[in-house]
Asks: 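Before we start, here is the structure in question, set down as structure tokens.
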Amino acid sequence: MSTYETLRQFADSWGLILMGVAFTVLIGWTFLRSVAAGHKRAALSIFENEDGIDG
């Protein structure tokens, strides 16, 4: 079996599973409460003045 065929077989089986797990972990990470403050700060940053003073 050639190297290409071996890598292709690996990608067809385990590669798909690993990518699915990585996708699930990264999407789940965005919903953790510990990172919510950072997400809120980033979402509201466009409404701040350039000097950092609100209002």
Asks: Is there a path of hydrophobic side-chain contacts, each under 4.5 Å between heavy atoms of I/L/V/M/F/W/Y residues, joining F23 to F31?
Replies: yes
Asks: Report yes or no: do L32 and L26 belong to one cluster of Ile/Leu/Val/Met/Phe/Trp/Tyr joined by side chain heavy-atom distances under 4.5 Å?
Replies: yes
Asks: Taking all non-hydrogen atoms of both residues into account, name the closest pair between V35 and W29 and its distance.
Replies: CG2-O, 3.4 Å
Asks: Taking the side chain as every heavy atom from C-beta outward, state whether Y4 and L7 have any pair of such atoms under 4.5 Å apart.
Replies: no
Asks: Going from CD1 on I17 to CH2 on W14, what distance comes out if it is rounded to the nearest 0.5 angstrom?
Replies: 5.0 Å
